[in-house]
Chemist: 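First the structure, which I've put down as structure tokens, then a few questions once you've had a look.
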Amino acid sequence: QLTLVESGGGSVQPGGSLRLSCVAAGRTSSSRAMGWFRQAPGKEREFVAAICWSGRSTYYADSVKGRFTISRDNAKNTVYLQMNSLKPSDTAVYYCGARTYCSANYAPNTIDSWGQGTQVTVSS
């Protein structure tokens, strides 16, 4: 079993930055691909960014390209999401997800394991 624990959420003003972390524990062989997703109130969970085991392949939703950066430290079994130039529309609960394979498609229904989520609020 793979356990994912997110941290780093909080409240920030528009234009600010936050860094989310997700630590994987247990069956980490199941986390070959890891990603970040978010869910705003009344909306479906959506893909934000993903990264493969090597770290060389990364994928981003169009809405966050150029503002968010995903990275991973395999020695620490940790994935990060650096979020810059935050907008009120980025407000959501952010979830870490993992699965056993890498591809260009990271629809939420392809994810095997989820963290509990961390709240990000962008407001003036």
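The first residue in the sequence is number 1, and the count goes up from there. Remember, predicted model here, so these are calculated numbers, not experimental data.
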Chemist: Which distance, rounded to the nearest 0.5 Å, do you find between the CZ of Arg67 and the OG1 of Thr69?
Modeler: 11.0 Å
Chemist: Taking the side chain as every heavy atom from C-beta outward, state whether Leu81 and Val48 have any atom pair closer than 4.5 Å.
Modeler: yes
Chemist: I want to check a possible cation-pi pair here: Arg45 against Tyr95, using under 6.0 Å from ring centre and within 45° of the ring axis as the test.
Modeler: yes
Chemist: For Lys65, is there an ion pair with Asp62 - N to carboxylate O distance below 4.0 angstrom?
Modeler: yes
Chemist: Would you give the length of the straight line joining atom CG of Leu20 to atom CD of Gln82, rounded to the nearest 0.5 angstrom?
Modeler: 9.0 Å
Chemist: Any side-chain heavy atom of Arg38 sitting closer than 4.5 Å to one from Val120?
Modeler: no
Chemist: Tell me, do Trp36 and Glu6 make a side-chain contact under 4.5 Å, heavy atoms counted?
Modeler: yes
Chemist: When hydrophobic residues are tied together by side-chain contacts of less than 4.5 Å, even through go-betweens, does Leu2 share a cluster with Val79?
Modeler: yes
Chemist: How would you list all residue pairs meeting ring-ring contact (aromatic ring centres under 6.0 Å, His included) that involve residues 54-90, not counting sequence neighbours?
Modeler: Tyr59-Tyr106
Chemist: Which heavy atom of Lys43 sits nearest a heavy atom of Gln39, and at what distance?
Modeler: O-NE2, 3.1 Å
Chemist: Counting N and O atoms only, with roles assigned by atom type, does the side chain of Asn105 sit under 3.5 Å from a partner on the main chain of Ala107, one being a donor and the other an acceptor?
Modeler: yes
Chemist: Is a side-chain donor-acceptor pair under 3.5 Å present for Arg99 with Thr110?
Modeler: yes
Chemist: Please check: side-chain N/O of Thr91 versus main-chain N/O of Val122, any donor-acceptor pairing under 3.5 Å?
Modeler: yes
Chemist: Hey, does Met34 have a side-chain heavy atom less than 4.5 Å from the side chain of Cys22?
Modeler: yes
Chemist: Taking atom OG of Ser113 and atom CG of Leu4, what is their separation to the nearest 0.5 Å?
Modeler: 5.5 Å
Chemist: What pairs meet the ring-ring contact (aromatic ring centres under 6.0 Å, His included) rule with one or both residues in residues 6-25, with sequence neighbours excluded?
Modeler: none
Chemist: Going by salt bridge (charged side-chain N to carboxylate O under 4.0 Å, His left out), name the residues that satisfy it together with Arg19, two or more places apart in sequence or in a different chain.
Modeler: none
Chemist: Would you say Asn74's side chain and Trp53's backbone share a donor-acceptor pair under 3.5 angstrom?
Modeler: yes
Chemist: Roughly how far, to the nearest 0.5 Å, is OG1 of Thr118 from OH of Tyr94?
Modeler: 10.5 Å
Chemist: Please find the pair of heavy atoms, one from Ile111 and one from Gly97, that lie closest to each other, and give the distance.
Modeler: CG2-CA, 3.8 Å
Chemist: Rounded to the nearest 0.5 Å, what separates atom CG in Asn77 from atom CZ in Arg72?
Modeler: 8.5 Å
Chemist: How about Asn84 and Leu18: do any of their side-chain heavy atoms sit closer than 4.5 Å?
Modeler: no
Chemist: Roughly how far apart are Ser63 OG and Asp90 CG, rounded to 0.5 Å?
Modeler: 7.0 Å
Chemist: Do Cys96 and Trp114 come close enough that some side-chain heavy atom pair is under 4.5 Å?
Modeler: no
Chemist: Looking at every heavy atom in both Ala40 and Ala92, which two are closest together, and how far apart are they?
Modeler: N-CB, 3.8 Å
Chemist: Are Pro88 and Pro14 side-chain neighbours, meaning at least one heavy-atom pair lies under 4.5 Å?
Modeler: yes
